[in-house]
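Treat the numbers as computed from the prediction; the structure is a model and nothing was measured. Computed over heavy atoms, backbone and side chain alike; hydrogens, waters and symmetry mates excluded.
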Amino acid sequence: APSLTAEQINMGVDWLTKFGYLPPPDPVTGQLQTKEALTKAIKAMQKYGGLEETGVLDEKTLVLMKTPRCSLPDVAEPESHSGRRRR
Amino acid sequence: SVPSQTKWSKRHLSWRIRTFPKESHLLGRDTVRALMYYALKVWSDVSPLNFHEVAGSEADIQIDFTKADHNDGYPFDGPGGTVAHAFFPSDRFTAGDAHFDDDEAWTFRSPDAHGMDLFAVAVHEFGHAIGLAHTSAIESIMRPYYQGPVGDPLKYSLPYEDKVRVWQLYGVRDSVSHTERPDTSRSADPPVLLDLPENRSTVPPARDAPDRCSTHFDAVAQIRGEAFFFKGKYFWRLTREKHLVSLRPAQIHRFWRGLPANLDSVDAVYERPGDHKIVFFKGLKYWVFKDNNVEEGYPRPIGDFGLPLEGVDGAFVWLHNEKTYFFKGSQYWRYDDHLRRMDLGYPKDSMLWKGVPPQLDDAMRWSDGASYFFKGKEYWRVVGSDMEVESGYPRPISKDWLLCADMQSDSPALEANGTETRSHGQRHASHAENNYEVCSCTS
């Protein structure tokens, strides 16, 4: 599959964050997402959307991300993130 | 799916459309209201929840059509992308509110490819408004992605997956709600009844259809703000703007569902104040309709109202006191539909309604605040709280209400080749052939 453009990756990360699959970037450190966190988030979104869980932003995944939808997130805040905050 | 986001503690929820789509040439306001009404009804049909429309700003569920960033943390993004959202019952200031992106082309009964089906999206958003979160279940209306139109709002059935989740939240709806009746005195009229007939062009008008320009009527009623003229097995319908919906009458049985098949006419019809249900009278029986479906347990005897066992000529609710007036022969009765009790001191002589003839065909109130009395081919108008007919009446029903020119009668008897014949046998081309067609726009 053709490699993704930086713009597509950014769109993907924004989308995953917007709908609750990725925690928002840390406002203080601006820490970027780790690769495994991104892969895990993509798989969760693919599973939710009934797609094959490839873990990468393939064609079908990008198409689904462009499908009209409800603004509300699909996932409540990721457990790990809220867990960390609680600690 | 994520756990549900709490739920409403009360069972009666009010709603109101605060802002309508700007591009309302696609969908009229009445249609938007009706679609919201039926999208909420999807959830109230399967749960103990009840929704009623109000006019004021205190509604539990405020509905807005807005665009771009509207300061609620969920900015819209132009056509496509995010199309709507709603707030869970747990949201402190916006619980239940629903926002629809005004940059979308909202449609109703349009082919899949064009625009966004408003009814389908509204059902989803009101699922959030009562506490359901997104789910990945393929069948569910609560999937986050737009799946296209879901068909006829009057026939839509919620997927079982969603019924189970709402039952888990609120329990099932039993036939009688145990909570007290909501105070709907402030409520605005509920929306018009959606008339979603099968394609009319495939249903040729029956030969015995009456001619609206040369007949008197069995019953006349204002229902959800629209006027209905009943004759035999047929009725004509006028929008709130008094526009005749169609020159051809519709068949009562095809729209008002649950009346006996052998019913050949009705005596009187009115919309009950309070719950806006619609009451049909025929002989010594009456039926109560919720929207256009008869409720269980009907027909019942008119003795329930304390009326004499002679039947009813006419019935209407006087705007002035919200009392229901029944007419029979030269007498009338006054009934309190809120207390479900006949007022004392009745019947009285209908002469007290100065200028109104006895033996009425029916009566109705209209959106101008006046009361109208119908008999034969004429009608009388009584203004506000008067009990005397306004000067200049009677006037012809056909001309003022049913788009008939003077002395015109376009008999509906259709010859095999589709042309219409006048009542005195003269053959004339159907309107469409000489480029003359009477059209009326409905919501």
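Below 4.5 Å, heavy atoms of chain B meet heavy atoms from A:W15, A:K18, A:F19, all part of residues 12-19 of chain A. Chain A is approached within less than 4.5 Å, heavy atom to heavy atom, by no residue from residues 93-103 of chain B.
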**OP:** Using the side chain to side chain contact (heavy atoms under 4.5 Å, CB included) rule, take B:T66 and B:D72 through it: C-alpha gap first, then chi angles, then the decisive distance, then the call.
**Re:** CA-CA 11 Å; B:T66 179; B:D72 67 357; over 6 Å; no
**OP:** With side chain to side chain contact (heavy atoms under 4.5 Å, CB included) as the test, would you mind laying out the steps for B:K67 and B:E104 before giving the verdict?
**Re:** CA-CA 9 Å; B:K67 53 176 73 174; B:E104 305 300 335; over 6 Å; no
Original post:
Step by step, would you call B:D291 with B:Y37 a side-chain hydrogen bond (donor to acceptor under 3.5 Å, both in side chains)?
Top reply: CA-CA 11 Å; B:D291 304 320; B:Y37 174 85; 2.7 Å; yes
Subject >> Full working for side-chain hydrogen bond (donor to acceptor under 3.5 Å, both in side chains) between B:S14 and B:D60 >> reply: CA-CA 5 Å; B:S14 57; B:D60 297 306; 3.2 Å; yes
**OP:** Just do the side-chain hydrogen bond (donor to acceptor under 3.5 Å, both in side chains) check on A:T61 and A:Q46 with the steps written out, would you?
**Re:** CA-CA 7 Å; A:T61 303; A:Q46 288 166 334; 2.9 Å; yes
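Of the atoms belonging to B:F87, not a single heavy atom falls under 4.5 Å from chain A. Interface remark: B:E125 contributes side-chain atoms only to the contact with chain A (heavy atom separation under 4.5 Å). For a residue to count as touching a neighbouring chain, one of its non-hydrogen atoms must lie under 4.5 Å from one of that chain's; by this rule B:A137 does not touch chain A. There is no contact between B:M142 and chain A, counting heavy-atom distances below 4.5 Å.
Tested against B:W106 for a side-chain contact (heavy atoms from CB on, under 4.5 Å), the candidates B:D117, B:V83, B:L35 yield a single pass: B:V83.
Summarising the local packing, CD of B:E139 is surrounded by 12 or fewer heavy atoms from other residues, nucleotides or ligands at distances under 6.0 Å. Atom NZ of A:K47 sits in a sparse spot, with 12 or fewer heavy atoms from other residues, nucleotides or ligands closer than 6.0 Å.
Note on ring orientation: taking the six-membered ring where Trp is involved, the planes of B:H85 and B:H70 are parallel (angle under 30°, cut-offs 30° and 60°).
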